[in-house]
Amino acid sequence: MSLLDRKLPLNEQREVLGQLLAFQVSDEGVILDQDGDELYGQSTKHDLTNLRGIIEYIENESFSEGYNRCRRDINQILNNPM
């Protein structure tokens with residue numbers, strides 16, 4: 001089994017998710033985002049109990065953030081021509 005696919009113990013999940021994403025992991029393994037909300041939807045397609053899933057989650061979030069920023073910038077330019 002690859003290091004990326006190894007299931008992380010809770011203490012390692014807490015450290016990695018806390019350092020990279022400011023997430024918290026409860027004693028039951030429930031993952032809470034920066035606002036203290038339990039993760040649902042988008043995040044459930046990524047297994048955040050291993051490094052591969054965490055990396056994929058970060059890649060997906062980064063892409064989505066960049067895409068949304070680009071759309072906002074284009075809309076701003078189109079709505080406020082010089």
Side-chain angles (χ1 to χ4, degrees):
M1 173 175 282
S2 165
L3 176 64
L4 292 176
D5 296 315
R6 178 181 66 88
K7 183 175 170 115
L8 299 171
L10 280 178
N11 63 324
E12 291 179 9
Q13 285 181 41
R14 284 186 180 114
E15 183 177 354
V16 172
L17 292 172
Q19 292 291 324
L20 294 176
L21 300 167
F23 287 178
Q24 299 175 354
V25 181
S26 73
D27 290 337
E28 297 79 29
V30 176
I31 299 172
L32 307 173
D33 66 13
Q34 310 87 310
D35 300 321
D37 298 323
E38 192 170 339
L39 291 180
Y40 292 105
Q42 176 81 337
S43 60
T44 58
K45 72 180 185 179
H46 302 288
D47 181 1
L48 299 181
T49 64
N50 63 51
L51 291 176
R52 183 180 309 279
I54 293 169
I55 291 167
E56 289 172 351
Y57 176 81
I58 292 170
E59 286 175 340
N60 186 62
E61 289 297 302
S62 297
F63 176 82
S64 295
E65 184 178 322
Y67 176 80
N68 289 333
R69 184 178 301 140
C70 182
R71 286 188 61 177
R72 281 192 307 270
D73 290 349
I74 290 171
N75 284 333
Q76 185 177 13
I77 291 168
L78 292 175
N79 292 326
N80 298 314
M82 292 185 183

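Being a predicted model, the structure only gives us computed values, none of them experimental. The basis for the numbers below is simple: all heavy atoms, side chains too, and nothing from hydrogens, waters or symmetry mates.
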Original post:
Can you tell me how far CG of Leu48 sits from CD1 of Ile58, rounded to the nearest 0.5 angstrom?
Top reply: 9.0 Å
Subject >> Under the salt bridge (Lys or Arg N to Asp or Glu O under 4.0 Å) test, residues paired with Arg71 that sit two or more places apart >> reply: none
**OP:** Quick one: closest heavy-atom pair of Leu3 and Leu51, and the distance?
**Re:** O-CD1, 4.2 Å
**OP:** Determine the minimum heavy-atom distance between Phe23 and Gln34, stating which atoms define it.
**Re:** CE2-OE1, 3.2 Å
Original post:
What is the distance from atom OG of Ser64 to atom CZ of Arg69, rounded to the nearest 0.5 Å?
Top reply: 12.0 Å
Original post:
Can a salt bridge be assigned to the pair Glu12 and Arg6 using a cut-off of 4.0 Å between side-chain N and carboxylate O?
Top reply: yes
Subject >> Residue that, paired with Arg52, satisfies side-chain contact (heavy atoms from CB on, under 4.5 Å) out of Asn50, Thr49, Ile55 >> reply: Asn50
Original post:
Within a strict 4.5 Å, meaning less than it, do heavy atoms of the Arg72 and Asn75 side chains meet?
Top reply: no
Subject >> Side-chain heavy-atom pair Tyr57, Leu21 within 4.5 angstrom cut-off >> reply: yes
Subject >> Whether Asp35 side chain and Asp37 backbone form a donor-acceptor pair below 3.5 Å >> reply: no
**OP:** State, yes or no, whether a side-chain contact exists between Leu8 and Ile54 at a heavy-atom distance under 4.5 Å.
**Re:** yes
Original post:
Taking all non-hydrogen atoms of both residues, which atom of His46 and which atom of Asn60 are closest, and how far apart?
Top reply: NE2-CB, 3.8 Å
Subject >> Residues clustered with Tyr67, ILVMFWY side-chain links under 4.5 angstrom >> reply: none
Original post:
Any salt bridge (charged side-chain N to carboxylate O under 4.0 Å, His left out) pairs touching residues 19-31, not counting sequence neighbours?
Top reply: Arg14-Asp27
Original post:
Are Leu32 and Val25 in one and the same hydrophobic cluster, where Ile, Leu, Val, Met, Phe, Trp and Tyr link if side-chain heavy atoms are under 4.5 Å apart?
Top reply: no
